[in-house]
Number of protein chains: 2
Amino acid sequence: MQRAKTVKRKHHQTPRRPGRPAGRTSNDGVIADREALLDAAERLIRKRGPQVSLDSIAAEAGVTKPILYRGVGDRDALVEALAGRLFMRMLEGLTRLLERAAVPREILRRLVGGYLSLAAEDRNLYLYVTAGGTSDDRLRQSLVLADRAARQFADGITASGAYAATHGTDGTAATVWSYGLIGALHYVALWWLRETTAEVEGVTEHLTALLWSGLSGAQNASPSEP
Amino acid sequence: MQRAKTVKRKHHQTPRRPGRPAGRTSNDGVIADREALLDAAERLIRKRGPQVSLDSIAAEAGVTKPILYRGVGDRDALVEALAGRLFMRMLEGLTRLLERAAVPREILRRLVGGYLSLAAEDRNLYLYVTAGGTSDDRLRQSLVLADRAARQFADGITASGAYAATHGTDGTAATVWSYGLIGALHYVALWWLRETTAEVEGVTEHLTALLWSGLSGAQNASPSEP
DNA sequence: CGATAAATCTACTCGTGGTAAATTAATACC
DNA sequence: GGTATTAATTTACCACGAGTAGATTTATCG
């Protein structure tokens, strides 16, 4: 309601002079409200988009910036934490999608479609978390998603585990496959999250075809529906 | 005088009082030095890494910030221009690599290996250009690279053009394939540019296997060397 | 009751992108 | 040839976001 330029204070809050808060007998729940801070960050990012500042996030949480810093650390730590929560949710969603076994290509199709749909569900959060140049550890964390998704997928292919056959022996192969997979998914998701025109089914179909048959399948098999 | 931390003035330069410069009769070569500014930006990014500021870039070019802005526009425009130059160079390099025709899988292998090697050659510049969340038009520009690379690749597969068979009919398919391809390449490149340990041949081999056979090839064909 | 510790907010610094105002030289006009 | 106007450049500033130091108030312990 108010906020002409920058949000400074949460709507109906008393001005809260500085100093130790009255009433609190000891440090009760110092760790506990980390989740509340992350919740507030998620809420604001959903509402306002991926461009929100730490000041506004703190305001949304009803605290000030130093509290936010004490609770979750610096900006990188915040993004890291939000990415962890988001990726965990996406992973659970994907797992649920794959509960009932299916043929391998159908598994892949569900993975791709699920990834896109789940990213679109948390669009702003997904953009916030994956923006910023995928620096250092962020990328590595997204690999948890890729790796577990790939493992899940491979487990669907064969009981013996084709994934372990390739990923288990050679660490480089595992990493390359994970990065390649997540890169393809992520870039297609980035594009699709901007284009509201294309419907998810077609995109899923095309990407699944590419990931399934690879480029060797480009000669005879068109990725479009027959 | 100036700051100890950030370079403010190029080493041996005269202080240059403000005002219109003496000697220049009219605006000669206003457009011409845009390339010189971009050269300076490239030089400094190569030297100092992808974290350089616009101030330091202007200093490297021997001009001041407003001149830089007049010459190339804002930061996004600078990145755009540098990305255009880099991708053009990479595309030329890839084209040279594919001049002598080969079997399709070998073509793909050269594409992947060439992409990685060329990115590593301009490592800092590649990171500078692809950092920043791949927002909006940057991503679209990298598609020129992906699209032309894919076209080149497809032309190698069949003379009739498998690329046209899929890309020509359905625009969505073309876009999805391009984004997926460039995403896989870029993410693997990002990882590999950090890991100095892995040699390019192995990474190329694994990624080529993934892109060629797709995930359906994971059951029987291991991506590692037989 | 007084001193110390804890917890919080205010107010600042610092760096960076971006721009307006000041400054100087060239050019046009009489 | 002298003066006003215009072009080109630098300086100095603004806005804004991340991160932190210090002021401020309350609880707790002697």
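The chains referred to below are lettered A, B, ... by the order of the sequence lines, with proteins before strands, and numbering in each begins at 1.
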* Asked: Among D/dT20, D/dT11, D/dG17, which nucleotide sits nearest the side chain of B/T64?
  -> D/dT11
* To do: Among the candidates C/dG18, D/dA18, D/dT11, find the nucleotide nearest to the side-chain atoms of A/Y69.
  => D/dA18
Quickly work out the [X] [atom1] to [N] [atom2] distance and round it to whole Å.
| X | N | atom1 | atom2 | answer |
| --- | --- | --- | --- | --- |
| B/I67 | D/dA7 | CD1 | P | 15 Å |
| B/R70 | D/dT10 | CZ | P | 9 Å |
| A/L78 | D/dA18 | CG | P | 10 Å |
| A/D55 | D/dA15 | CG | C1' | 13 Å |
| A/L68 | D/dA18 | CG | P | 10 Å |
| B/L54 | C/dG18 | CG | P | 6 Å |
| B/D33 | D/dA8 | CG | C1' | 12 Å |
| B/D74 | C/dT19 | CG | C1' | 12 Å |

* Would you please indicate if the ring centroids of B/H186 and B/Y126 are separated by under 6.0 Å? => yes
* Asked: Just by modelled atom types, is the A/L97 backbone N or O under 3.5 Å from a matching donor or acceptor in the A/R110 side chain?
  ->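 Yes, because the side chain of A/R110 sits within donor-acceptor range (under 3.5 Å) of the backbone of A/L97.
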* **For B/D74, salt bridge (charged side-chain N to carboxylate O under 4.0 Å, His left out) partners two or more places apart** =>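 In terms of salt bridge (charged side-chain N to carboxylate O under 4.0 Å, His left out), with neighbours along the sequence ignored, B/D74 is linked to no residue.
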* Could you say whether B/K65 or A/G73 is positioned toward the 5' end of DNA chain D, judged by the nucleotide with the nearest heavy atom to each? =>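 This one resolves to B/K65.
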* Asked: Is A/E35 salt-bridged to A/R85, cutoff N-O under 4.0 Å?
  ->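 Yes, this pair counts.
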